[in-house]
K.L.:
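Provided herewith is a single structure, encoded as structure tokens, for subsequent inquiry.
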Amino acid sequence: MSFDDMDNGTRMASMRTTAAFQRTRMASDRTLMASLRTSLSMIGFGFTIFSFFRTLAKDDLLGNQVPNHAPALFGLALVMLGVTTLSIALVADFRYNASLRRQRQTFLEAGLLRADDDFPRSWAWVIAFLLLLVGLMAMLSILFGFGS
């Protein structure tokens, strides 16, 4: 049965189901963006701590009060935590959206959804993946001292 062949009540139920899928997809994007914000904060803060204390150590403003490796370890820990959080969020989002797409396909085949309704890929996922690459570069920079 196609959408056009449905009676008015079934057609309204189909439209509500279609809207529910869109709301669920957008909620998934918002969840990913929340993880992205948290990860960005951790990566940025970790790299900032590393850079700030490295600059202080170069100018010999720390003296012997802070061990030379302490800021790098703390900064690296925060960057790694941000990268790990983002990696877990990306995998979870990918798996959830894949299951949502399978469920949507089942509903489409049963004629319960409008076939012309779009279910686009997420730009938040692309941005989160790019941030993951930035985080990995920050980790390498701290580990190997690029730009020192």
Side-chain angles (χ1 to χ4, degrees), residues 1-57 66-148:
M1 170 186 289
S2 73
F3 183 78
D4 295 328
D5 297 334
M6 296 178 183
D7 62 74
N8 283 340
T10 307
R11 195 176 286 164
M12 286 299 292
S14 174
M15 290 170 61
R16 284 192 297 270
T17 305
T18 300
F21 269 97
Q22 292 299 335
R23 285 191 302 271
T24 304
R25 184 189 59 81
M26 289 186 287
S28 175
D29 280 352
R30 287 190 299 272
T31 302
L32 179 61
M33 287 187 287
S35 297
L36 194 145
R37 285 189 302 271
T38 303
S39 298
L40 176 62
S41 298
M42 286 188 277
I43 291 168
F45 191 57
F47 195 75
T48 301
I49 285 175
F50 166 70
S51 297
F52 177 73
F53 281 102
R54 184 180 64 177
T55 302
L56 289 180
V66 177
N68 289 338
H69 63 281
L73 289 178
F74 186 62
L76 183 63
L78 281 174
V79 171
M80 287 176 66
L81 186 60
V83 166
T84 302
T85 300
L86 192 55
S87 299
I88 291 169
L90 281 169
V91 169
D93 184 75
F94 183 82
R95 292 180 71 194
Y96 180 75
N97 276 305
S99 71
L100 192 60
R101 285 178 191 283
R102 283 191 301 273
Q103 184 179 16
R104 183 176 178 275
Q105 188 60 39
T106 303
F107 278 41
L108 280 170
E109 290 168 1
L112 299 173
L113 293 176
R114 291 179 26 208
D116 64 342
D117 186 50
D118 196 19
F119 200 78
R121 299 280 180 193
S122 171
W123 278 102
W125 208 92
V126 173
I127 293 167
F129 184 75
L130 292 174
L131 177 63
L132 180 67
L133 295 178
V134 169
L136 291 172
M137 286 189 288
M139 278 176 40
L140 290 174
S141 178
I142 292 171
L143 281 172
F144 301 112
F146 297 133
S148 298

K.L.:
Determine whether M12 and N8 make a side-chain contact, defined as any pair of heavy atoms from C-beta on separated by less than 4.5 Å.
P.N.:
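No, every pair of side-chain atoms sits at 4.5 Å or beyond.
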K.L.:
Output the distance between atom CZ (R102) and atom CZ (F107), rounded to the nearest 0.5 Å.
P.N.:
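R102 CZ to F107 CZ: 13.5 Å, rounded to 0.5 Å.
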K.L.:
Identify the two heavy atoms, one from R121 and one from R101, that lie closest to each other, and give their separation to 0.1 Å.
P.N.:
NH1-NE, 3.1 Å
K.L.:
Give the minimum heavy-atom separation between D29 and S122, together with the two atoms involved.
P.N.:
OD1-OG, 2.8 Å
K.L.:
Looking only at atom types and distance, does a side-chain atom of S141 sit under 3.5 Å from a main-chain N or O of M137, one as donor and one as acceptor?
P.N.:
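Checked: no pair found.
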K.L.:
Kindly indicate, with the supporting measurements, whether the criterion side chain to side chain contact (heavy atoms under 4.5 Å, CB included) is fulfilled by L76 and F50.
P.N.:
CA-CA 8 Å; L76 183 63; F50 166 70; over 6 Å; no
K.L.:
Inspect the surroundings of CZ in F21 and state if more than 12 heavy atoms from other residues, nucleotides or ligands are less than 6.0 Å away.
P.N.:
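Yes - once you tally the heavy atoms of other residues, nucleotides and ligands closer than 6.0 Å, there are more than 12.
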K.L.:
State the CD1-CG distance between I43 and L132, to the nearest 0.5 angstrom.
P.N.:
7.0 Å
K.L.:
Between N97 and D93, is there a donor-acceptor pair closer than 3.5 Å when you use the side chain of the first and the backbone of the second?
P.N.:
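Side chain of N97 to backbone of D93: a pair is present.
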K.L.:
If you measure from CG on L86 to CZ on F129, what distance do you get to the nearest 0.5 Å?
P.N.:
10.0 Å
K.L.:
Tell me whether S51 contacts the main-chain N or O of T48 through its side chain, where contact means a donor paired with an acceptor under 3.5 Å.
P.N.:
no
K.L.:
Is it true that F53 and F74 have ring centroids separated by less than 6.0 Å?
P.N.:
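So the answer is no for these two rings.
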K.L.:
Indicate the atoms forming the closest heavy-atom contact of V79 with G135, along with that distance.
P.N.:
CG1-O, 3.5 Å
K.L.:
Which distance, rounded to the nearest 0.5 Å, do you find between the CE of M80 and the CG of L136?
P.N.:
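Rounded to the nearest 0.5 Å, the CE-CG separation comes out at 10.5 Å.
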K.L.:
Given R25 and Q22, is the side-chain hydrogen bond (donor to acceptor under 3.5 Å, both in side chains) satisfied, shown in steps?
P.N.:
CA-CA 5 Å; R25 184 189 59 81; Q22 292 299 335; 3.2 Å; yes
K.L.:
Which pairs count as ring pair (Phe, Tyr, Trp, His ring centres under 6.0 Å) when at least one residue sits in residues 22-41, sequence neighbours excluded?
P.N.:
none
K.L.:
For Y96 and L32, run side chain to side chain contact (heavy atoms under 4.5 Å, CB included): C-alpha distance rounded to whole Å, both residues' side-chain angles, the deciding distance at 0.1 Å, then the answer.
P.N.:
CA-CA 11 Å; Y96 180 75; L32 179 61; over 6 Å; no
K.L.:
What verdict does the side chain to side chain contact (heavy atoms under 4.5 Å, CB included) test give for T84 and I88, after you've listed the backbone C-alpha separation in whole Å, the side-chain angles of each residue and the deciding distance to 0.1 Å?
P.N.:
CA-CA 6 Å; T84 302; I88 291 169; 4.0 Å; yes
